[in-house]
Amino acid sequence: MKELGYNPHDIELKWQKRWEESKLFEVKEDNSKPKFYCLEMFPYPSGRIHMGHVRNYSIGDVVARYKRMKGYNVLHPMGWDAFGLPAENAAIKHGVHPAHWTYENIDFMKKQLKRLGFSYDWSREISTCEPEYYKWEQKIFIEMLNRGLAYKKKAPVNWCESCSTVLADEQVVGGKCWRCGSEVEVKELEQWFLKITDYADALLEGLEKLRGKWPDRVLVMQENWIGKSYGAEIEFPIEGLDRKIKVFTTRPDTVYGVTFMSLAPEHPLVDEFLKGCDEKTKREVERLRKQPKSARLLESFEKEGVFIGKYCINPFTGDRVPIFAANFVIFEYGTGAVMGVPAHDQRDFEFARKYGLPIKVVVMPKDRELKPEEMEEAHEGEGYLVNSGPFDGMYNEDAKKAIIKYMEERGFGRGTVSYKLRDWLISRQRYWGAPIPVVYCDKCGIVPVPFEELPVVLPKDVPFIGGGNPLEKVREFVETKCPKCRGDARRETDTMDTFVESSWYFFRFCSPDCNTGPFDERAKYWMPVDQYIGGIEHAVLHLLYSRFYTMVLKDLGYTDIEEPFEALLTQGMVIKDGAKMSKSLGNIVDPDDMVGKYGADTVRLFLLFAAPPERDLDWSDHGIEGCYRFLNRLWRYIFMHVDDVKDERGNIDIGALSNGGRELLKKTHQLIKKVTNDIEKFRFNTAIAFIMEYLNFLYDIDNSIDWNNSNDRKVVRFAIEKIALLISPFAPHFADEVWEKLGNTGFTLEQEWPTYDEELAREEMITLIIQINGKVRAKVDIPFGLPEEEQKRIALYNDRVKSLIEGKKVTKVILVPNKLVNIVVA
RNA sequence: GCCCGGGUGGCGGAAUUGGUAGACGCAGGGGACUUAAAAUCCCCUGGGGUCAAUCCCCGUGCGGGUUCGACUCCCGCCCCGGGCACCA
């Protein structure tokens with residue numbers, strides 16, 4: 001018997017070659033099998049794969065391989081989110097062309113992924129920077145433009161100076177750029193937007209369908225982001241002018257308590273009123289306007305207002321109400337105007353106290369009497385209306401409805417809803433992105449590029465010197481003819497946000513070679529994605545945009561799918577020494593080093609074993625050592641016995657087994673059951689733990705196996721074969737090597753997932769726990785399934801129990817059959 | 001402030017339709033093998049008590065409660081991570 005050491009490097013390269021040669025991972029539509037679309041978020045080709053990628057893709061590979069063995073026709077593609085700023089920054093810094101930089105990275109990272117042995121159908125690989133890809137993105141954009149879903153407007157937008165481009169709201173995190181972390185400023189610019197707000201309700205309702213299949217926190221984050229609130233619009237006439245101020249409020253029940261009005265400093269009415277104001281007031285308002293938006297949005301920021309000399313009339317009371325420009329009012333939210341009710345809104349309360357404005361109580365709590373002069377804070381809770389004319393005495397929740405009805409009948413207000421979600425700003429003033437396919441003509445205005453002329457190809461020859469979009473400097477690109485009138489025209493030089501590419505790439509994977517549209521009927525077979533796996537950081541970015549795009553594609557007639565991702569798994573970060581791996585902390589562990597040292601199977605196994613997928617994973621150099629030891633130990637066991645059992649095929653005669661053989665058979669069925677159930681629940685860590693436990697068991701009973709008994713040997717063969725199949729999703733190279741050593745042909749991936757026999761998996765002996773008053777006092781091994789009375793009797797007549805309960809009164813005996821007896825004594 | 005997670009040995013983590021707390025791995029200690037080391041194999045390892053035990057007490061962030069029995073359920077807190085937040 002020769003015993004060779006475990007050599008992951010040789011084994012892994014051998015199987016990777018064979019998988020590739022046999023096109024094992026390539027799939028076609030096949031109606032005879034149920035389909036399963038398993039997708040992991042595709043990477044940005046930044047240069048090297050990092051441990052977070054490896055974790056993400058290891059999880060995905062378990063799912064894809066397991067489902068394949070379960071008989072599904074599995075689509076498991078991979079590609080590149082290839083447009084983006086780092087490529088362009090590299091060009092400016094090092095003088096390499098972004099395309100060159102990107103393709104080199106793709107090349108390198110693809111090799112890394114292949115070396116890890118993931119089961120991707122590489123024939124479907126896509127890179128979003130290719131004209132064959134973004135051509136369709138441009139077509140969809142034009143269709144959106146034609147439907148009014150894409151539009152251009154001048155608006156205050158987020159500007160990142162260090163990236164020298166604008167950002168969408170979702171891409172500003174805590175006032176900082178999501179990519180580079182530098183402070184974002186507000187600029188007034190004319191920009192392209194996508195009308196995601198048209199889909200606010202659909203996006204919200206869609207979340208209901210995803211409940212239970214997406215993590216709750218992602219649903220909550222999207223819900224918060226959409227920020228739907230119910231309320232009313234109320235119109236306040238302006239004194240001495242035939243104009244009205246429209247406010248949005250969620251508390252129409254407090255309208256009788258309005259004592260001032262506040263407008264966002266940017267509100268157009270403020271400009272009008274300022275005309276009649278003195279210089280000091282003008283300067284004050286100007287000062288408020290100049291306060292940086294990011295600072296203004298902090299709760300701790302001082303609330304300031306300026307009286308701008310005008311009054312409006314409360315349509316309910318006829319009261320004269322002074323109008324302020326106030327820095328806490330956000331122009332973009334609601335109507336940019338807020339009615340001030342100091343008695344019932346904390347912020348208004350503070351404002352009123354600061355500027356000496358009256359406080360009028362209109363909602364009285366049940367249990368106490370509010371007196372304005374004694375109040376220390378606003379009463380924002382429930383109560384009954386007072387000082388509210390015809391609504392006095394009404395419970396405030398009922399009053400909301402009654403007041404809305406009242407003003408709707410009289411025409412100065414109505415019930416409405418408001419959203420926090422704003423339209424998606426997609427223009428980027430950078431080169432390395434998909435060109436926005438429109439031209440500007442002095443005569444015809446904004447003209448979309450006709451379909452036949454797509455794609456608008458990104459010119460290759462541009463100067464990368466930094467400072468502004470290089471496309472503007474390319475005359476051959478900018479100077480063009482108007483598609484309508486053929487006159488001189490200017491081409492749009494903004495490119496699209498790279499989140500646009502990733503909003504529909506999962507459709508493209510279904511038919512990546514389609515040249516008649518973004519995708520074809522094959523998408524109907526594959527979509528939706530059955531299991532999507534990626535980081536939580538995309539909760540309101542990519543995952544929201546993709547849902548929006550899918551809905552748009554449905555409305556444009558491209559698909560019937562409503563939600564792109566049927567189920568979502570968000571994996572945690574890989575951290576080291578309590579912090580996220582980063583260059584600055586110097587705690588990066590490079591996957592290549594680990595693969596070089598231990599092999600891909602060990603690296604994958606460790607990432608799956610060290611923590612459940614959704615939780616953060618602490619990288620441990622010792623921990624991976626343990627997984628390597630485990631594979632070595634498993635290898636040794638198998639090669640100690642493989643020659644003895646290799647030819648022992650055929651049915652096992654259970655009656656002819658030794659005790660050891662019978663035990664092993666039972667434990668093997670338990671193994672199949674445990675691993676199967678755990679994978680179904682994404683509990684890969686406990687599945688692997690049980691395989692480890694099983695291996696310890698194999699060593700323990702090695703001497704109890706009757707090696708002269710052919711049936712015992714058959715059981716050992718059975719055990720080794722099942723291990724190979726069960727470990728295949730976690731350590732596929734190892735699995736195929738074992739499979740082959742057993743004299744089998746083909747790949748484990750092509751085998752059926754093992755099934756277990758409930759009867760054979762059952763323990764015939766169980767440990768009965770005997771408690772007295774809830775404390776464990778004895779344990780006794782008894783056969784499974786004894787009559788209940790018998791189990792109680794065994795407990796009560798146990799020697800130790802007898803001595804402990806002697807002289808005491810047994811008041812109750814509780815039995816959990818085959819598990820536990822609790823004897824309650826007085 | 002509001003909304004989600006989470007708090008279990010020296011560490012990563014097991015165990016919840018309420019039923020042996022600490023599986024598995026790491027680290028640590030002891031032993032075997034070896035001239036030696038590495039590798040491997042075996043044993044021990046939550047805290048405390050007792051000469052010792054197959055014994056007793058304590059123990060799942062804290063304080064109460066429900067229950068024969070609580071890591072698990074309920075009430076009130078504390079701490080950590082994340083999201084939202086002057087949103088009218």
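Every chain is numbered from 1, with letters handed out A, B, ... down the list of sequences.
Remark: the separation of the C1' atoms in A70(B) and U16(B) is 10 Å, to the nearest Å. Across G61(B) and G10(B), the matching P atoms stand 13 Å from one another, rounded to whole Å. Across the P atoms, A36(B) and C44(B) are found 26 Å apart, a figure rounded to whole Å. G1(B) and U67(B) are spaced 36 Å apart, taking the C1' atom of each and rounding to whole Å. Rounded to whole Å, the P atom of U72(B) lies 13 Å from the corresponding atom of G63(B). For A21(B) and G47(B), the C1' atoms lie 14 Å apart once the distance is rounded to whole Å. Between C74(B) and C2(B), the distance separating the two C1' atoms is 23 Å to the nearest Å. Here the separation of C56(B) from C51(B), taken at their C1' atoms, is 15 Å to the nearest Å.
Between the C1' atom of C86(B) and the NZ atom of K354(A) lies a distance of 13 Å, rounded to the nearest Å. Spacing between atom NZ of K779(A) and atom C1' of U20(B) amounts to 5 Å, rounded to whole angstrom units. Distance CG (N685(A)) to P (G12(B)): 14 Å, rounded to an integer number of Å. Between the NE2 atom of H267(A) and the P atom of A88(B) there is a distance of 17 Å, given to the nearest Å. Put simply, NZ on K775(A) is 16 Å from P on C68(B), counting in whole angstrom units. In this structure, R347(A) atom CZ and A88(B) atom P are separated by 8 Å, rounded to whole Å. The distance between atom CD of E380(A) and atom P of C2(B), rounded to the nearest whole Å, is 12 Å. Whole-Å rounding puts the I770(A) CD1 to U20(B) P distance at 14 Å.
No hydrogens or angles were tested; on distance alone, a donor-acceptor pair under 3.5 Å links the side chain of K303(A) to the base of C86(B). Evaluation of atom-type donor-acceptor distances gives no pair under 3.5 Å for the side chain of N224(A) against the base of C84(B).
When each of G12(B), U20(B), A88(B) is scored by its nearest atom to the side-chain atoms of D618(A), the top-ranked nucleotide is G12(B). Side-chain proximity of R633(A) to the nucleotides C3(B), C41(B), G69(B) is greatest for C41(B). Considering only side-chain atoms of M692(A), the nucleotide from C24(B), G69(B), C3(B) that sits closest is C24(B). Considering only side-chain atoms of F609(A), the nucleotide from C24(B), C3(B), G19(B) that sits closest is C24(B). Closest approach to the V338(A) side chain among A88(B), U20(B), G12(B) is made by A88(B) (side chain taken as heavy atoms from C-beta onward). For E693(A), the side-chain atoms get nearest to A23(B) when compared with the rest of C68(B), G13(B), A23(B). For F328(A), the listed nucleotide lying nearest its side chain is C86(B); candidates were C86(B), A85(B), C68(B). Closest to the side chain of I769(A), out of G19(B), A14(B), U20(B), is U20(B). Side chain of V329(A), nearest nucleotide from G19(B), U20(B), A88(B): A88(B). For A611(A), the listed nucleotide lying nearest its side chain is G13(B); candidates were C84(B), G13(B), U20(B).
Other residues, nucleotides and ligands place more than 12 heavy atoms under 6.0 Å from the NZ atom of K354(A). Crowding of K597(A) atom NZ: a count of heavy atoms from other residues, nucleotides or ligands under 6.0 Å not exceeding 12. When the shell of 6.0 Å around CD of E208(A) is examined, it contains more than 12 heavy atoms from other residues, nucleotides or ligands. For Y699(A), the OH atom counts as densely surrounded, since its 6.0 Å shell holds more than 12 non-hydrogen atoms of other residues, nucleotides or ligands. Other residues, nucleotides and ligands place no more than 12 heavy atoms under 6.0 Å from the NZ atom of K819(A).
We find that R414(A) and E235(A) are joined by a salt bridge, their nearest charged nitrogen and carboxylate oxygen being less than 4.0 Å apart. A salt bridge links E397(A) to K400(A): one of the charged nitrogens lies within less than 4.0 Å of a carboxylate oxygen. Ion pair R287(A)/E304(A) flagged as a salt bridge, since at least one NZ, NE, NH1 or NH2 atom sits closer than 4.0 Å to an Asp/Glu carboxylate oxygen. One finds no salt bridge joining R289(A) and E266(A) here, because no Lys/Arg side-chain nitrogen approaches an Asp/Glu carboxylate oxygen to under 4.0 Å.
The CD atom of Q222(A) sits 5.5 Å away from the CH2 atom of W214(A) when rounded to the nearest 0.5 Å.
One finds a side-chain N or O of S229(A) lying less than 4.0 angstrom from the OP1 or OP2 phosphate oxygen of A88(B). Proximity of R629(A) to the phosphate of C41(B): no side-chain N or O atom is located under 4.0 Å from OP1 or OP2. Taking only side-chain nitrogens and oxygens, R217(A) never comes nearer than 4.0 Å to OP1 or OP2 of C84(B). Remark: K228(A) is not in phosphate contact with C87(B), judged by side-chain N or O atoms under 4.0 Å from OP1 or OP2. The side chain of R636(A) places an N or O atom within less than 4.0 Å of a non-bridging phosphate oxygen (OP1 or OP2) of C41(B). When the side-chain nitrogen and oxygen atoms of Y333(A) are compared with OP1 and OP2 of A88(B), one or more of them lie within a distance under 4.0 Å.
No engagement by F630(A) is indicated, since no non-hydrogen atom pair under 4.0 Å with the nucleic acid exists. Residue N696(A) is classed as a sugar-phosphate contact, given heavy-atom separations below 4.0 Å to backbone atoms only. Using a 4.0 Å heavy-atom criterion, one finds that P215(A) contacts no nucleic acid atom at all. Here K819(A) lies in heavy-atom contact (under 4.0 Å) with sugar-phosphate atoms only. At the heavy-atom level, G626(A) lies under 4.0 Å from the strands shown only through sugar-phosphate atoms. Among the protein residues, V816(A) comes within range of the nucleic acid bases, having at least one heavy atom under 4.0 Å from a base atom. Contact annotation for E625(A): no contact, since no heavy-atom pair falls under 4.0 Å across all strands.
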Dot-bracket summary - RNA chain B, pairs being Watson-Crick or G-U whose distances fall under 3.5 Å, with | when paired to another strand: (((((((..(((......[....))).(((((.......))))).((((.....))))..(((((..]....))))))))))))....
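Y355(A) and F324(A) have tilted rings, their planes meeting at an angle from 30° to 60° on a 0 to 90° scale. Ring pair Y628(A)/Y6(A) is tilted by interplanar angle, where 30° to 60° counts as tilted. Ring geometry for W635(A) versus F639(A): interplanar angle of 30 to 60°, hence tilted.
For D216(A) and S620(A), each mapped to the nucleotide of RNA chain B holding its nearest heavy atom, the one lying further toward the 5' end belongs to D216(A). Nearest-nucleotide mapping onto RNA chain B: of M339(A) and T767(A), the residue sitting toward the 5' end is T767(A).
With its glycosidic angle within 90° of 0, G9(B) adopts the syn conformation.
Contacts with RNA chain B (heavy atom under 4.0 Å) in residues 666-683 of chain A: R683(A), listed by number.
Here the options are K420(A), R211(A), R217(A), K228(A), the test is salt bridge (charged side-chain N to carboxylate O under 4.0 Å, His left out), and the partner is E223(A); only R211(A) passes.
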